[in-house]
Amino acid sequence: MRGKKDRFGRATDNPCIGLCRFGGDGACLGCHRTKAEVKGWKRLSDAAKMAINDRIAQLGRKAQADPAEGKAQRKRLRKLDRKIGKLESKLAALRVERDCVAGAGPAG
């Protein structure tokens, strides 16, 4: 992280990397902040921002220390994304079918 620092030289800049998707644990898959932290970032104090950035940095060091865990998580995310894609395709087909039935009007 580069950019804004407090008077002691600690980073208070936004950790967003532009991958804004939230996992089942409620944390962003890109920056690892909660939805509340993302939404209220501009209103947070510098101390709160530093605490969040420190937590994120610790998560990064943990992932580097155990690359197998990070690999397993990425594999799981890819699998879930494929499943979601298939479900979205099925949902789109069902919506088309529903629109066709609704457009035909009541039978009888």
Side-chain angles (χ1 to χ4, degrees):
M1 284 177 267
R2 307 178 298 275
K4 188 176 176 188
K5 297 186 183 296
D6 72 348
R7 63 189 177 116
F8 300 109
R10 295 176 293 197
T12 59
D13 52 333
N14 192 328
C16 181
I17 61 169
L19 177 74
C20 301
R21 280 183 88 168
F22 291 87
D25 63 352
C28 177
L29 300 177
C31 67
H32 306 289
R33 293 181 293 168
T34 64
K35 286 182 182 181
E37 290 169 343
V38 170
K39 187 176 179 181
W41 185 259
K42 289 181 180 180
R43 294 185 306 274
L44 291 174
S45 67
D46 284 347
K49 291 177 183 178
M50 286 182 294
I52 293 167
N53 285 336
D54 289 344
R55 186 189 79 228
I56 293 168
Q58 289 175 354
L59 289 172
R61 285 191 292 273
K62 181 180 176 186
Q64 288 174 353
D66 189 4
E69 183 178 314
K71 185 177 179 181
Q73 184 180 16
R74 287 190 303 274
K75 184 177 179 181
R76 177 72 178 145
L77 288 173
R78 282 193 305 271
K79 184 176 181 180
L80 290 170
D81 285 340
R82 281 193 304 271
K83 285 183 175 183
I84 290 169
K86 289 178 182 179
L87 289 170
E88 287 173 340
S89 296
K90 287 181 182 179
L91 181 60
L94 289 170
R95 285 187 172 141
V96 168
E97 181 181 349
R98 184 190 181 284
D99 290 344
C100 288
V101 171

Looking at every heavy atom in both Trp41 and Asp13, which two are closest together, and how far apart are they? CZ2-O, 3.3 Å
Do you know which two heavy atoms are closest between Phe22 and Cys28, and how far apart they sit? CD2-N, 3.4 Å
Rounded distance [0.5 Å steps], NZ in Lys49 versus CD in Glu37: 12.5 Å
At what distance, to the nearest 0.5 angstrom, does CG of Asp99 lie from CD of Glu97? 10.5 Å
Where Gly30 and Ile17 come nearest, the two heavy atoms and their spacing: O-CD1, 3.5 Å
Gly18 and Cys16: which non-hydrogen atoms are nearest, and at how many Å? N-SG, 3.3 Å
Nearest heavy atoms of Ile56 and Pro15, plus distance in Å: CD1-CG, 3.7 Å
With rounding to the nearest 0.5 angstrom, report the CZ to NZ distance, Arg33 to Lys39. 13.5 Å
Donor-acceptor under 3.5 Å (Arg55 side chain, His32 main chain): yes
Out of curiosity, Ile84 CD1 to Leu91 CG, how far, rounded to the nearest 0.5 Å? 12.5 Å
Reported CG-to-CG distance for the pair Leu59 and Asp54, which is rounded to 0.5 angstrom: 11.0 Å
Could you go through Arg21 and Asp81, starting from their C-alpha distance and side-chain angles, then the distance that decides it, and tell me whether this counts as side chain to side chain contact (heavy atoms under 4.5 Å, CB included)? CA-CA 11 Å; Arg21 280 183 88 168; Asp81 285 340; 3.2 Å; yes
